[in-house]
Amino acid sequence: MSDCEVLIVGAGITGTTLALALADAGVAVTVLDREAAPSLPAPGQPLDVRVSAIHAAAVGLLERLGAWPLLPAACRAPFGRIQVWDAASVGSIRFDSAEIGQPWLGSITENRALVAALHARLAELPAARVLAPALLDDWEVRADRAIVRLGDGRELTARLLVGADGRASPLRLRAGIGASADDFGQCALVAHVATERPHADTARQRFLATGPLAFLPLADGRCSIVWSTTPPEAQRLAALPAGEFMQELGLAFEHRLGEITAIGERAVIPLRGLEASRYVGPRLALIGDAAHVVHPMAGLGANLGIGDAAALARVVIAALHGGRDPGLLQTLRPYERARRSQNLPVVQAIVGLHRLFTAGASPLRALRGAGLLAVDRAGPLKRLLTTAACGLADGAF
Ligand SMILES: Cc1cc2nc3c(=O)[nH]c(=O)nc-3n(C[C@H](O)[C@H](O)[C@H](O)COP(=O)(O)OP(=O)(O)OC[C@H]3O[C@@H](n4cnc5c(N)ncnc54)[C@H](O)[C@@H]3O)c2cc1C
């Protein structure tokens with residue numbers, strides 16, 4: 001007899017979403033994390049520097065699961081338009097939710113508050129148990145269950161173990177599942193900035209020779225910037241006095257929102273892609289960054305992980321309803337097939353786009369400029385891309 005049906009290691013965005021989707025259906029689930037669970041932010045609490053563009057389809061799922069309504073309005077900003085342009089050519093493209101009859105494309109959301117809202121909803125469900133802080137120390141797979149040992153000596157058993165334990169996934173490594181790593185040779189400098197002109201609920205991204213620079217709208221009127229560039233350049237920018245940094249940032253962004261008038265804390269995050277060779281093993285499934293990590297230029301990493309959580313929950317719930325063991329490989333394979341066929345083309349497209357936009361050769365520059373303009377004018381293709389940006393093309397939702 002196991003302690004629970006599913007034991008999830010990692011209570012980030014994807015692990016807590018899976019826990020919620022399972023507990024909402026009455027499946028006994030335990031989720032553990034080495035960090036304590038974050039609390040919902042108090043009114044007026046400053047926004048954390050880490051935010052994500054959560055697309056409309058993922059927001060819809062989180063709404064249905066009851067977590068989204070718990071997220072304070074100050075921590076989420078719906079956006080209806082995306083503008084992308086190239087510094088080295090005339091290429092530019094705009095996406096508008098109105099073109100596909102949607103009120104908005106997604107929401108720029110504080111990561112910490114989203115995880116806190118997921119935890120707050122989990123606390124309301126009797127089928128869910130959260131252990132945090134609790135460190136995974138070791139685990140083994142037996143014929144009928146997985147056994148997990150925690151750092152404090154406790155032992156837990158489950159029929160299915162899920163690795164939602166991030167890019168360095170101890171579960172993936174210990175299971176011997178290989179992964180191809182893609183070193184983008186970049187770091188992202190992130191910060192919140194105030195601008196002279198309003199962001200007008202629009203996410204903007206300019207492709208520079210060194211990498212993309214994004215301005216994402218925040219609920220308090222500021223923008224969250226994600227400036228992907230070479231590691232030495234990111235360190236140089238992070239060390240600049242605030243005034244000089246704001247000037248360089250304004251220039252790099254062509255002052256599309258006027259002057260940069262204030263800047264908060266700056267953080268530098270190394271960027272490295274990853275794709276696991278398998279998403280499942282005996283009594284094991286990987287979701288989120290444990291299975292795949294993409295460049296943030298497309299704002300998709302967390303969204304793909306939420307899609308994984310939705311797809312795996314569906315497979316597990318169907319197995320339990322049908323009296324089948326959720327940890328068997330034949331139960332888990334449909335999850336792997338569905339998500340790899342969804343995620344791999346996205347990962348490859350993002351790697352290709354990144355190479356195209358950081359290529360210095362002038363024929364490529366001309367090609368991408370012409371390509372962006374052509375797509376911008378091609379109605380059906382553009383509507384297809386706008387639908388994808390909303391997450392409405394991802395079968396998991
Ligand atoms: C600069 C930047 C911008 C981004 N912007 C976007 C965006 O706009 N939209 C988007 O969709 N995505 C975006 N992403 C990607 C997104 O942040 C990640 O894909 C997402 O946060 C991954 O969530 P996760 O839950 O899979 O992993 P993680 O957030 O890494 O969570 C893993 C959890 O596992 C726990 N853990 C690890 N090991 C153990 C252990 N041994 N025992 C117990 N617990 C353990 C950790 O403490 C952690 O809480 C961005 C990423 C970056 C770097």
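Numbers for residues simply follow the sequence, beginning at 1. Because the structure is predicted, anything quoted here is derived from the model rather than measured. Just so you know, these numbers use all the heavy atoms, side chains as well, and skip hydrogens, waters and symmetry mates. Whatever order the structure lists ligands and atoms in, that order sets their numbers, starting from 1.
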Exceeds 12 heavy-atom contacts within 6.0 angstrom, atom CZ of Arg94: no
Within-4.5 Å side-chain heavy-atom neighbours: Leu62 and Leu71: no
Proximity of Leu300 to ligand 1 by residue part, where a heavy atom lies under 4.0 Å: backbone
Heavy-atom gap Ala164 to ligand 1 smaller than 4.0 Å: yes
Option of least heavy-atom distance to atom 6 (C) of ligand 1 (set: Gly391, Ser52, Ser228, Ala214): Ser52
Close approach, Arg50 and ligand 1, non-hydrogen under 4.0 angstrom: yes
Salt bridge (Lys or Arg N to Asp or Glu O under 4.0 Å) involving Arg340 - partner list, sequence neighbours excluded: Glu275
Sub-3.5 Å N/O-N/O distance, Ala11 and ligand 1: no
Nearest neighbour of atom 19 (O) of ligand 1 from the list Leu286, Asp289, Ile13, on a heavy-atom basis: Asp289
Heavy-atom nearest neighbour of atom 45 (C) of ligand 1 within options Arg34, His55, Met297: Arg34
Polar proximity ligand 1 side, Gly10 side, N/O cut 3.5 Å exclusive: no
Atom indices of ligand 1, in the order listed, that fall short of 4.0 Å to a heavy atom of Gly288: 26 (O)
Polar contact flag for Glu35 and ligand 1 (N/O pairs, less than 3.5 Å): no
Side-chain (Arg266) to main-chain (Leu240) donor-acceptor, under 3.5 angstrom: yes
Pairs flagged by side chain to side chain donor-acceptor pair (under 3.5 Å) wherever residues 202-225 is involved - sequence neighbours left out: Arg81-Thr202, Arg206-Glu254, Asp220-Arg222
Heavy-atom proximity to atom 2 (C) of ligand 1, best of Ala298, Pro296, Cys187: Pro296
Polar atom proximity, Ala53 to ligand 1 (N or O, under 3.5 Å): yes
Ligand 1-proximal atoms of Ala134, by part, heavy-atom distance under 4.0 Å: backbone
Passing option when Asp325 is tested against Arg145, Gln330, Arg283 for side-chain hydrogen bond (donor to acceptor under 3.5 Å, both in side chains): Arg283
Any His199 side-chain heavy atom under 4.5 Å of Asp201 side chain: yes
Contact check: Asp33 vs ligand 1, nitrogen or oxygen atoms, below 3.5 angstrom: yes
More than 12 heavy atoms of other groups within 6.0 Å of Glu140 CD: yes
Backbone of Ala290 reached by a side-chain donor or acceptor of Arg172 within 3.5 Å: yes
Any side-chain heavy-atom pair of Ile260 and Thr195 under 4.5 Å: yes
Short N or O distance, Gly299 and ligand 1, threshold 3.5 Å exclusive: yes
Any N/O pair Leu216/ligand 1 closer than 3.5 Å: no
